[in-house]
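A note on names: the letters A, B, ... follow the listed sequences, proteins ahead of strands, and every chain is numbered from 1.
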2 protein chains.
Amino acid sequence: MVDHTVRSFDADLETLDRHISEMGGIAEKMLSDAMDALATMNIELAQKVIETDLRMDALQRTVEDLAVRTIARRQPVAIDLRDTVGVIRISADLERIGDQAKNIAKRAAKIAGEARLPRAIVGLKSMHDMAANQLKDVLDAFAQRDPDAAKAVWRRDAELDALEDAVFRDLLTFMMEDPRNITFCTHLLFCAKNLERVGDHATNIAETVYYIVTAQNLPGEERPRGYDATALA
Amino acid sequence: MVDHTVRSFDADLETLDRHISEMGGIAEKMLSDAMDALATMNIELAQKVIETDLRMDALQRTVEDLAVRTIARRQPVAIDLRDTVGVIRISADLERIGDQAKNIAKRAAKIAGEARLPRAIVGLKSMHDMAANQLKDVLDAFAQRDPDAAKAVWRRDAELDALEDAVFRDLLTFMMEDPRNITFCTHLLFCAKNLERVGDHATNIAETVYYIVTAQNLPGEERPRGYDATALA
């Protein structure tokens with residue numbers, strides 16, 4: 001009987017892991033599609049990203065429902081409880097990464113009619129590369145339950161913040177150079193903020209993975225920060 | 001024995017309700033303090049808001065821990081289960097409202113050295129009034145478990161979005177009028193976005209309250225929206 005319960009619990013955890021993996025893959029695709037839509041002013045691709053977000057919302061609800069039922073039925077303790085609660089948190093962060101991609105896609109659709117400034121998008125692409133790497137690495141750290149890999153992701157968050165700071169300065173400079181750049185660059189300021197938030201969510205996931213495996217918290221508010229992203233000028 | 005379990009469950013729910021009420025009060029205070037700090041360039045007040053956010057993070061963890069233990073121990077069903085999971089969601093939304101207030105406070109601290117444009121802050125104050133009302137009303141709706149009051153909050157979200165749209169247009173106009181306004185107004189653009197997000201979280205809480213009481217979803221993605229806040233120009 002105990003054995004049966006253990007196996008049922010493992011089956012629940014495997015299902016939860018599969019959902020997290022699916023959400024992670026969708027989030028990565030939404031982000032790269034949103035960036036492509038922004039760079040190429042592809043309204044259809046932007047629309048596809050916006051629609052995909054509904055799938056993320058549904059998956060998050062599925063994960064939450066299954067995890068809550070698992071807690072009620074199996075009454076897990078220790079690492080099993082941390083794991084089950086952890087996937088609820090991770091699915092919430094992944095859903096919010098989907099929201100950030102959706103926000104970028106919405107701006108890509110709006111921006112399509114504006115005067116463009118291609119050099120203004122270069123920095124955003126670098127931010128996306130860095131954020132996408134962070135996301136990929138933290139999903140691997142979760143799949144492997146590897147606290148060292150999670151900590152490495154967590155440490156690198158400062159680099160994305162520093163890059164955002166540089167991108168903000170550049171965008172402000174373009175705006176000051178020519179008022180006709182203001183509308184376009186304002187959209188991009190918000191896209192930069194969205195990408196920085198993706199990094200924050202990857203860092204949250206890193207903290208959750210570290211906690212699941214070690215039962216210790218990485219020091220949340222003491223997150224290494226090279227720059228304060230609100231320092232615009 | 002059943003009676004004892006029921007009473008223990010009720011005691012857990014009462015504790016959770018008290019925590020939500022405390023988080024709600026702190027969130028309201030953080031928001032109004034952050035706006036005061038912004039309007040009066042009060043760096044100390046801004047710092048106080050930033051520090052208070054740690055209390056919100058701790059309260060959210062407390063709520064999540066107690067709710068998870070309640071689910072494991074009492075195995076609630078139906079409205080009791082919806083209520084216990086609902087408070088986890090509501091505490092997450094309140095914690096994120098605290099984050100928005102913290103973001104405004106951080107900008108208030110940065111902005112203190114910049115050339116000011118007092119008329120640019122007027123629209124933000126209106127946004128804060130509206131967001132604070134939404135927050136107050138949805139906290140009351142939760143305390144009363146009143147689905148009609150929750151639905152009324154949910155319907156009003158479009159008004160805040162419309163106001164944000166007007167504030168964005170004004171800020172862009174100030175930026176185009178004089179490049180010296182660009183840095184200051186860019187900070188305010190992000191504050192306006194923070195206030196709009198407060199409204200979104202109030203709306204999320206309204207959806208949760210409605211779901212707790214009725215077991216029905218308000219149509220999430222069909223939220224009434226007068227304007228799309230990403231439509232800057």
Region of A:R69 that comes under 4.5 Å of a non-hydrogen atom in chain B = neither
Side chain from CB out, backbone as N, CA, C, O: work out which of these in B:R89 comes under 4.5 Å of a heavy atom of chain A, or both, or neither.
-> side chain
Measuring from A:L171:CG to B:I182:CD1, what's the distance to the nearest 0.5 Å?
-> 11.5 Å
Determine the option with the most heavy-atom pairs under 4.5 angstrom with chain A, choosing from B:E64, B:R180, B:E177.
-> B:E64
Spatial distance of atom CG (A:D178) from atom CE (B:M176) [nearest 0.5 Å] = 10.5 Å
Where does A:I111 contact chain B at under 4.5 Å (heavy atoms): side chain, backbone, both or neither?
-> neither
Looking at A:V68, A:D65, A:I88, which one forms a side chain to side chain contact (heavy atoms under 4.5 Å, CB included) with B:V85?
-> A:V68
Test item: B:R96 and A:R96 side chains (from C-beta on) under 4.5 Å apart, heavy atoms | yes
From CD1 (A:I71) to OG1 (B:T84), nearest 0.5 Å | 11.5 Å
How many angstroms lie between atom CG of B:L189 and atom OG1 of A:T186, to the nearest 0.5 angstrom?
-> 6.0 Å
Between OG1 on residue A:T183 and CZ on residue B:F168, distance to nearest 0.5 Å = 12.0 Å
